[in-house]
Protein chains: 4
Amino acid sequence: MAQTPSTRDRLVTQAALLFQRKGYHGVGMAEILDAAQAPKGSLYHHFPNGKSDLALAAAHFAADQMLQILDASFKDADSLRDGVTTFCYKLAKLFDINDKWIGCPVSATLFESPTNTEFRQATCDIFQMWLDATVRHATSKGATEAKARALADALWMTLQGAWSLSRVRGSSDPIKTVPALVLRDE
Amino acid sequence: MAQTPSTRDRLVTQAALLFQRKGYHGVGMAEILDAAQAPKGSLYHHFPNGKSDLALAAAHFAADQMLQILDASFKDADSLRDGVTTFCYKLAKLFDINDKWIGCPVSATLFESPTNTEFRQATCDIFQMWLDATVRHATSKGATEAKARALADALWMTLQGAWSLSRVRGSSDPIKTVPALVLRDE
Amino acid sequence: MAQTPSTRDRLVTQAALLFQRKGYHGVGMAEILDAAQAPKGSLYHHFPNGKSDLALAAAHFAADQMLQILDASFKDADSLRDGVTTFCYKLAKLFDINDKWIGCPVSATLFESPTNTEFRQATCDIFQMWLDATVRHATSKGATEAKARALADALWMTLQGAWSLSRVRGSSDPIKTVPALVLRDE
Amino acid sequence: MAQTPSTRDRLVTQAALLFQRKGYHGVGMAEILDAAQAPKGSLYHHFPNGKSDLALAAAHFAADQMLQILDASFKDADSLRDGVTTFCYKLAKLFDINDKWIGCPVSATLFESPTNTEFRQATCDIFQMWLDATVRHATSKGATEAKARALADALWMTLQGAWSLSRVRGSSDPIKTVPALVLRDE
DNA sequence: AATGAATGAGCTTTCATTCAT
DNA sequence: AATGAATGAAAGCTCATTCAT
């Protein structure tokens, strides 16, 4: 049943991975096309605005993946603590199997320049989506609305920092310390 | 008494600023040369290895600046809480006067590609320098060695994330929440 | 029927001519692009490795031209002496109509540096191709295999030197003395 | 008694070697200065016209060396054949100890472009100097003036070609065949 | 939807040279 | 005689994009 992914899908998948590793300006179109095994000219059919369209699509794709990991982590969790911990350890594993060098798939992809408002807005929207989902999961595990919001904020901010530190140190340990840091009050 | 800075110094200063805003690959040599009012050919006299040498020098320069802000914040602080808070608010102000779009000056400058071990090592060294200084300040304000270490780790990791979030939101608020997050146990 | 040559063909032709006159390092890409009336970016579409790819293509193109001149010289020749003499005089004419400043199209193009093994191997292959063809023509005119080999060796070595001397003196006379030098035993 | 060579001498020696290996355009001033351990700014004191002056000095220096080898080869020679053979074998040895990649020190250094008349004239003068010396040695060994001239012409032309072929093949064998080729009539 | 050639602005870097000291 | 900083033109090459088919 496993179909060969379409050219468009391959482009998005590979772009997401590459941008996440080397940043928007660190990846060239040729590299993406090569990784996706896509012919040179076909890109602008799928993404009329070229690289920026592709980056946005890649960021949204990666954001959805992240959301799925979050949902899966909380689905079978017995507690808030359990859900957060599972989520962070899943991300730590993802980090390890990606050469210990991936960061937040969205900020790595969409931090392009101070003046790119389209990218900034998209990043903001995605972060809000993640925060909202986290709040939902936290309240479903018994947290108050206020506590859920505070936890979600702390979780995602700390995760951003943990990704940076993990890359620098070449170890997923910082990511694994996130639950302890954000759940101290529990 | 204020002397005109040397060409080399102007290059480092401007490069530090630009890399911090747009990342290593997001800044071209021409842009740096232009900002530093330096002629094209003179760069490779001071930095034989070109852009990468300049980026390393810029990162170390920015790292020292950060250290000075840290030292100044703790010098007149009455307590650990006071020092951390002053430090974060100084950074928040720095963020605001820089178009609300600067991140960690080191990771923005030296996150180039997974395989660049020289950059990764330099980043690691600078982070350690920051952590060591923070531990020193914390113990001098009465914290135990263990507590000082834990605080330093949490502070710098959370700061990394706060910078990201502040950029996304166009507001220094996330940076200002860092003290509360890392000092909850005090 | 004469079609406009393709961009690729124009690049190869002009590159062959320019390299032959000024050597690999003496010709810039801009000069070749200009001579071929080709836009800057198109070169790396046809020659992904840039200048070195183009030089190899140019050398092979020039080598084939040389082979055609050799074949034509021997085709209607009544004797070995006749073929060799016709060949050298054709080359002398070519030298004269090229500002009296062209050398061996292959060594001028591919003598780049001692460590460039790819260029050295290509040069070696082309020389062998010329030698083999010469041996074939010589035997077809009645020479023994051994004599044919000795003649081919002497011819091409002497020709190399004659080109050098002709350039220095600004006269095709040295080239015209080659038949006498290599056919003394006939 | 062995003095440290002057900066000027070191520049000429190293330039001669480098030009001979990589050609005039294949060697940069920085490379020469580095090889000669000479400070950047001092070159234009010794060679006001820069690279071209240095190349001319290097070519003349190498030409004199060649003349000394020629003289030494004929000084103790019992016959014309003996002198020519010794000379070629000395050159073959020189070729071998120089990574099997040196050519005529003069044409490699001074073949710059078709329009450089100063270089062309210098090359012509040096070749004439070599030819004259060879004629002198040949007549001193009993050859007639006419025979001596013919031999000198053949010797130097064949040598030029032999150097090319030796470089291509990475073997001094072609150089060693020169005596046989030019002395067939003896 | 797909293709490969074309495009020229832009990239980082190297060039031979000149300057003030 | 020597020095190292300065200089900008030019080097070879890559860029994201567009075009005709």
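Lettering of chains follows the sequences in order, A, B, ..., and the numbering in each one begins at 1.
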Which residue lies more 5' along DNA chain E, comparing A:H46 with C:H46 via nearest heavy atoms: A:H46
Exercise: identify the closest heavy-atom pair between B:T7 and B:A38: CG2-CB, 4.0 Å
Close side-chain approach of A:W163 to B:S107, heavy-atom, < 4.5 Å: no
Kindly list each side-chain donor-acceptor pair under 3.5 angstrom involving residues 15-25 of chain C, sequence neighbours excluded, with atom names and distances?
residue	atom	partner	partner atom	Å
C:Q20	NE2	C:G103	O	3.2
C:R21	NH1	C:D99	OD2	3.0
C:R21	NH2	C:N98	OD1	3.1
C:K22	NZ	C:E31	OE2	2.8
C:Y24	OH	C:S52	N	3.4
C:H25	NE2	C:E112	OE2	3.1

Summary of protein contacts for nucleotides 14-21 of chain E, nucleotide by nucleotide, where a base hit scores B, a sugar-phosphate-only hit scores S (4.0 Å, heavy atoms): B-SBB---
Contact check, side chains of C:L56 and C:T109, non-hydrogen atoms, under 4.5 Å: no
Atom pair distance, as rounded to whole Å: NZ in B:K22 and C1' in E:dC11: 14 Å
Closest contact, heavy atoms only, B:V27 versus B:K51: O-NZ, 2.8 Å
Residue pair C:R167 / D:T123, side-chain heavy-atom distance below 4.5 Å: no
For F:dT21, the Watson-Crick or wobble counterpart (both distances under 3.5 Å): E:dA2
Paired nucleotide for E:dA16 [Watson-Crick or G-U wobble; both distances under 3.5 Å]: F:dT7
Distance (rounded to the nearest 0.5 Å) between C:F119 CZ and C:S113 OG: 9.0 Å
Gap between atoms CD and C1', on B:Q37 and F:dG8 respectively (whole Å): 16 Å
d(CG, D:L11; P, F:dT3) in whole Å: 11 Å
Phosphate contact (E:dA1 OP1 or OP2) by A:T7 side-chain N/O below 4.0 Å: no
Protein-nucleotide distance (A:R8, atom CZ; E:dA2, atom P), rounded to Å: 12 Å
For F:dG12, the Watson-Crick or wobble counterpart (both distances under 3.5 Å): E:dC11
For atom CG of A:D53 and atom C1' of F:dA16, their distance in whole Å: 13 Å
Between F:dC15 (P) and A:E112 (CD): distance, integer Å: 16 Å
